[in-house]
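Worksheet for the structure shown next.
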Number of protein chains: 2
Amino acid sequence: MSSFEKGFAIYERIKISIREKIDSGILKPGDRILSEVELANLFNASRMTANRALKELTAEGRIIRIQGVGSFVAKSKPEVALLEIKSIAEEIAKWGGVHSSDMILFKEESVSKNIAGKMDINAGDRVFHSIFVHKDEDIPVQYSERFINPRVAPKYLEQDFTKMTPSEYLLEIAAIQESEHTIEAIIPKKAIQKLLQIKHGEPCISLKRRTWSFDLVATYSILIYPGSKYKLSGKIRRGKI
Amino acid sequence: MSSFEKGFAIYERIKISIREKIDSGILKPGDRILSEVELANLFNASRMTANRALKELTAEGRIIRIQGVGSFVAKSKPEVALLEIKSIAEEIAKWGGVHSSDMILFKEESVSKNIAGKMDINAGDRVFHSIFVHKDEDIPVQYSERFINPRVAPKYLEQDFTKMTPSEYLLEIAAIQESEHTIEAIIPKKAIQKLLQIKHGEPCISLKRRTWSFDLVATYSILIYPGSKYKLSGKIRRGKI
DNA sequence: ACAATCAAATTGTATATACAAGTAAACACA
DNA sequence: TGTGTTTACTTGTATATACAATTTGATTGT
């Protein structure tokens with residue numbers, strides 16, 4: 001054990017040594033890894049300690065194990081490309097901009113048939129409806145329209161959203177267990193074009209989101225980004241963000 | 001143990017019972033979980049078996065454990081909303097549609113300055129360049145243009161992509177360790193409009209992707225989807241506190 | 001009242017042991 | 001040659017035990 005590895009538990013040291021061999025390319029996908037017994041001898045540990053190390057590497061997706069055969073380096077499978085959707089304030093803060101937002105609408109109303117269908121409630125039921133336009137350096141970068149189920153967030157209208165974003169508030173008070181996102185390219189309606197200060201015919205990204213809390217649709221949101229001013233991007237490393 | 005739980009290992013049964021309590025809301029975020037010793041007694045198991053169950057639930061982000069204090073239901077903060085970008089073939093297969101693709105371009109060439117910059121290579125270096133148009137029921141659903149670094153996939157041009165998609169091939173032979181995605185809304189150029197059989201002015205989603213293999217840019221791809229015909233959707237991933 | 005100490009509870013790590021279950025190769029036998 | 005059988009190896013699960021580290025609350029002493 002090098003002094004560098006001091007302070008790490010034995011099973012951690014085993015994990016690190018294997019991870020390093022994989023990351024550096026010494027071990028390639030499909031290559032065999034030392035067996036539990038061999039690792040135990042190599043590290044002067046018991047088999048159970050080596051077992052723990054390999055078990056955790058399996059859970060992390062770095063290796064695969066086949067009973068009766070052995071352990072092997074996993075084939076890196078970023079077959080799921082993931083794109084992280086951050087809050088607009090987060091995005092702007094990241095590159096140092098100044099965030100502000102205009103409240104366009106903020107009230108309780110009867111829900112239309114169209115939205116009711118999306119939220120799995122009855123047309124005419126009461127919902128909270130809010131529209132904000134978010135700006136960076138006074139340039140509109142996002143139109144956000146939300147419908148909130150009062151059964152999930154009964155005090156939505158009483159909140160002060162100058163300090164906390166609606167998303168943050170909803171995450172705070174409701175146990176959001178599921179969400180669904182849909183992205184499409186659109187040419188927004190005139191009213192939204194005006195709010196976003198864009199020319200007619202300029203394409204925008206439309207991001208629609210539904211969230212659920214205990215089988216109840218908690219929110220239905222429509223976020224619109226001007227295509228010329230905003231990009232969604234994400235970088236991942238081996239499955240993790 | 002109910003008969004339903006037959007076939008599961010003891011530690012699995014413990015995990016399932018706790019997960020069910022969390023998912024059903026019986027246990028709420030922050031609630032205390034039975035200690036290892038209590039669980040061991042409850043399930044007639046040893047402490048180590050209960051330990052394994054709780055350890056794995058911790059790794060899965062469902063609970064948190066504090067030495068000397070106890071185990072508690074984790075506060076699920078799905079602040080990371082992730083879009084899952086699937087291959088076009090995958091999406092269409094799910095729908096049961098008939099997928100076909102036209103090869104528009106497939107050759108080796110000298111790279112332009114612009115693309116060279118994206119790929120971190122020198123202008124004039126050789127790269128493989130391919131353009132496909134994917135169709136579902138003869139309707140174009142995706143334009144895909146790829147630049148491939150020959151150092152990563154030297155035999156790219158020799159492949160038969162009627163059976164396997166370029167993405168799948170690249171995943172097979174190259175260890176892709178990192179990837180970056182950028183989504184924006186665009187109005188495509190005339191040539192692409194024609195290939196996708198869309199009207200002038202129709203907005204599209206542009207998805208640009210770069211992948212890395214051992215610090216080398218392996219591929220640079222530009223995927224364009226007609227906004228009206230294609231949607232990207234994703235679901236949430238449970239994040240740790 | 002305050003501070004130091006102690007005890008109990010809890011999680012974290014490590015070990016030795018045991019047996020089950022699966023695989024693959026060597027082996028024995030017809 | 002072909003076919004079961006055995007054997008060796010590997011991973012999977014479970015247990016009992018031990019001690020370390022941390023936190024919390026109770027106890028004790030001043």
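Just so it is clear: chains get the letters A, B, ... in the order the sequence lines come, proteins before strands, and each one is counted from 1. These numbers come from a predicted model, not from an experiment.
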Discussion item. I'd like to check the side-chain contact (heavy atoms from CB on, under 4.5 Å) partners of D125(B); sequence neighbours left out, ordered by chain and number.
Written reply: V111(B), I121(B), N122(B)
Discussion item. I'd like to check the side-chain contact (heavy atoms from CB on, under 4.5 Å) partners of F72(B); sequence neighbours left out, ordered by chain and number.
Written reply: R32(B), I64(B), I66(B), V69(B)
Discussion item. Whether the side chain of N149(B) engages the backbone of V217(B) through a donor-acceptor N/O pair (distance < 3.5 Å, no angle test) should be reported.
Written reply: yes
Worksheet item: Y11(A) has an atom OH; how far is it from atom P of dT11(C), in whole Å?
Response: 16 Å
Worksheet item: Salt bridge check: are E56(A) and K15(A) linked by an N-O gap of less than 4.0 Å?
Response: yes
Worksheet, complete the sentence: Its 5'-most and 3'-most nucleotides having an atom under 4.0 Å from a non-hydrogen atom of chain B, DNA chain D is contacted over dT13(D) to dT23(D)
Practice prompt. Without swapping roles, check the side chain of S24(A) against the backbone of E20(A) for a donor-acceptor pair under 3.5 Å.
Written response: yes
Worksheet, complete the sentence: Per side chain to side chain contact (heavy atoms under 4.5 Å, CB included), I14(A) is matched among L34(A), L39(A), N51(A) by L39(A)
Worksheet item: Within this structure, what is the CD1-to-P distance between I33(B) and dT10(C), rounded to whole angstrom?
Response: 13 Å
Set out, line by line, the N/O atom pairs under 3.5 Å between protein and nucleotides 21-27 of chain C.
residue: dG22(C); atom: N2; partner: G68(A); partner atom: O; Å: 3.2

Worksheet entry | Note: K208(A)-E180(A) ion pair, threshold 4.0 Å (strictly below) | no
Discussion item. Donor-acceptor pair, distance only, cut-off 3.5 Å: does the side chain of T58(A) make one with the backbone of L54(A)?
Written reply: yes
Practice prompt. Please determine which of R65(A), R52(A), R19(A) meets the side chain to side chain contact (heavy atoms under 4.5 Å, CB included) test together with L57(A).
Written response: R19(A)
Worksheet item: Taking for each residue the nucleotide of DNA chain C bearing the nearest heavy atom, is the 5' side occupied by M48(B) or by E36(B)?
Response: E36(B)
Worksheet item: Does any donor atom in the side chain of S35(A) or E38(A) lie under 3.5 Å from an acceptor atom in the other side chain?
Response: yes
Response to the item:
Annotated structure of DNA chain C as dot-bracket, pair cut-off 3.5 Å, Watson-Crick or G-U only, | for inter-strand, is ||||||||||||||||||||||||||||||
Worksheet item: Under a 4.0 Å heavy-atom cut-off, which of residues 49-59 of chain A touch DNA chain D?
Response: N51(A)
Item to complete: Would you tell me whether S130(B) and Y156(B) have side-chain atoms, one donor and one acceptor, within less than 3.5 Å of each other?
Response: yes
Worksheet entry | Any donor-acceptor N or O pair under 3.5 Å, side chains T219(B), T211(B) | yes
Worksheet entry | R210(A) side-chain N/O to K118(A) backbone N/O, donor-acceptor pair under 3.5 Å | yes
